[in-house]
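Everything on this sheet refers to the single structure shown next.
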Amino acid sequence: MIEKVSTIGMSRERWLEIRRGSIGGSDAGALLGLNPYHSPYALWAEKTGKAIPEDISDKEAVRLGNDLEEYVSQRFAEATGKKVRRCNAILKNSDYPFAHANPDRLVVGEDAGLECKTTSSWETLKKCRDGQFPDTWYSQCVHYMMVTGAKKWYLAVLCFGHGFFWFEIERDDAEIAA
């Protein structure tokens, strides 16, 4: 059963408290050791309140990603003809009490969501041009499908000044079980 905890009007402190209480999609890559910028130890420190979570810090790259999320979602809609909407909720699934999802967008008329990314990394640009993307992003999308039960997740990537790419990731229950 999916529980929706509305984030409309929610204080930042309450939002952080809920996120700290379970593993979110952006935590999945770090937990699995797939995120080159965030270790399992750093994740533990955040979840236990010993460190401030990176995705809410004052890092410029994090701010750019947050500020440009709407733009990336609009580019995805333009490129695919699909309509997307904000979720405005933290999603929890009783089958996975250790996890939550805070999707960037949901795709209207599909059992799918959208993760929006921005990057200035040449390595990531090269991967995207080759039809690939970082494993940590893949784990985030799989995590969201696990929590939401969605059949697919889209990934939209803006490589600053060099290209826009989008990918469709089908649900794989073996990956989720792993």
Side-chain angles (χ1 to χ4, degrees), residues 1-69 72 86-106 113-124 127-128 132-150 153-158 167 169 171-178:
M1 179 166 150
I2 306 291
E3 173 192 0
K4 293 181 180 184
V5 179
S6 175
T7 55
I8 297 173
M10 181 182 285
S11 72
R12 183 171 184 78
E13 293 76 24
R14 178 68 180 135
W15 181 73
L16 291 173
E17 179 185 337
I18 292 170
R19 286 174 49 104
R20 191 170 28 251
S22 59
I23 302 299
S26 57
D27 302 328
L31 181 67
L32 296 170
L34 299 173
N35 188 333
Y37 307 107
H38 204 70
S39 71
Y41 176 78
L43 179 62
W44 169 83
E46 291 172 2
K47 294 299 180 179
T48 58
K50 296 175 182 2
I52 296 172
E54 181 178 300
D55 62 346
I56 59 153
S57 70
D58 291 328
K59 287 186 173 184
E60 187 63 20
V62 173
R63 181 172 177 172
L64 275 171
N66 290 333
D67 290 350
L68 292 173
E69 182 180 298
V72 174
R86 290 183 185 274
C87 180
N88 295 318
I90 296 173
L91 308 176
K92 295 185 171 200
N93 185 325
S94 58
D95 290 339
Y96 307 101
F98 57 87
H100 71 270
N102 204 168
D104 288 341
R105 299 290 186 277
L106 298 175
L114 171 65
E115 179 60 25
C116 300
K117 296 291 186 188
T118 57
T119 185
S120 59
S121 162
W122 286 105
E123 181 180 325
T124 302
K127 279 187 171 193
C128 288
Q132 301 172 4
F133 47 86
D135 292 338
T136 190
W137 294 354
Y138 175 76
S139 64
Q140 183 174 8
C141 294
V142 169
H143 179 90
Y144 287 153
M145 285 185 277
M146 175 188 77
V147 173
T148 65
W153 216 262
Y154 294 96
L155 174 65
V157 184
L158 176 65
F167 305 91
I169 302 166
R171 182 182 182 88
D172 182 335
D173 288 321
E175 284 284 285
I176 291 170

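Distance check: T119 OG1 to L64 CG gives 11.0 Å after rounding to the nearest 0.5 Å. The CH2 atom of W44 lies 14.5 Å from the CG atom of L31; values are rounded to the nearest 0.5 Å.
Looking only at side-chain heavy atoms (C-beta outward), I169 and Y154 stay at 4.5 Å or farther from each other. Looking at heavy atoms from C-beta onward, R19 lies in side-chain contact with S26 at the 4.5 angstrom threshold. Two residues are said to be in side-chain contact when any heavy atoms from C-beta on lie closer than 4.5 Å; E13 and L16 fail this criterion. Using a 4.5 Å heavy-atom threshold, the side chains of L155 and Y138 count as separate. Contact check for N93 versus T148: no side-chain heavy atoms found under the 4.5 Å cut-off.
D67 pairs by the side-chain contact (heavy atoms from CB on, under 4.5 Å) definition with R63, not counting sequence neighbours. Shown here are the side-chain hydrogen bond (donor to acceptor under 3.5 Å, both in side chains) partners of E3, two or more places apart in sequence or in another chain: there are none. For S39, the side-chain contact (heavy atoms from CB on, under 4.5 Å) test picks out Y41, A42, with sequence neighbours left out. K47 meets the salt bridge (Lys or Arg N to Asp or Glu O under 4.0 Å) test with D27; sequence neighbours excluded. Here F133 pairs with F167 under the ring-ring contact (aromatic ring centres under 6.0 Å, His included) rule; sequence neighbours left out. Looking at residues two or more places apart in sequence or on another chain, you find a side-chain contact (heavy atoms from CB on, under 4.5 Å) between D172 and A174, E175. Evaluation of the side-chain hydrogen bond (donor to acceptor under 3.5 Å, both in side chains) rule for S121 yields T124 as partners, not counting sequence neighbours. Judged as a side-chain contact (heavy atoms from CB on, under 4.5 Å), and not counting sequence neighbours, the contacts of E17 are R14. With sequence neighbours excluded, no residue forms a salt bridge (Lys or Arg N to Asp or Glu O under 4.0 Å) with R20.
In plain terms, the two heavy atoms of A89 and P103 that are nearest each other are O-CD, 4.2 Å. Considering all non-hydrogen atoms of both residues, P40 and A30 come closest at CG-O, 3.2 Å. Across all their heavy atoms, R171 and A150 have their closest contact at NH1-O, 3.1 Å. When all heavy atoms of D104 and L114 are compared, the pair lying nearest together is CB-O, 3.3 Å.
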Show your working on side chain to side chain contact (heavy atoms under 4.5 Å, CB included) between E69 and R105 and close with a plain yes or no.
-> CA-CA 9 Å; E69 182 180 298; R105 299 290 186 277; 2.7 Å; yes

For the pair N102 and L91, evaluate side chain to side chain contact (heavy atoms under 4.5 Å, CB included) and give the outcome as yes or no after the intermediate values.
-> CA-CA 6 Å; N102 204 168; L91 308 176; over 6 Å; no

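Here the side chain of T118 pairs no donor or acceptor atom with the backbone of L158 at under 3.5 angstrom.
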Distance-only donor-acceptor hits, side chain of residues 139-147, under 3.5 Å, sequence neighbours excluded:
{"unit_1": "S139", "atom_1": "OG", "unit_2": "G29", "atom_2": "N", "d": "3.3"}
{"unit_1": "S139", "atom_1": "OG", "unit_2": "T136", "atom_2": "O", "d": "2.8"}
{"unit_1": "Q140", "atom_1": "OE1", "unit_2": "K117", "atom_2": "NZ", "d": "2.8"}
{"unit_1": "Q140", "atom_1": "NE2", "unit_2": "E115", "atom_2": "OE1", "d": "3.4"}
{"unit_1": "Q140", "atom_1": "NE2", "unit_2": "E115", "atom_2": "OE2", "d": "3.2"}
{"unit_1": "Q140", "atom_1": "NE2", "unit_2": "Y144", "atom_2": "OH", "d": "3.2"}
{"unit_1": "H143", "atom_1": "NE2", "unit_2": "I23", "atom_2": "O", "d": "3.1"}
{"unit_1": "H143", "atom_1": "NE2", "unit_2": "H100", "atom_2": "O", "d": "2.9"}

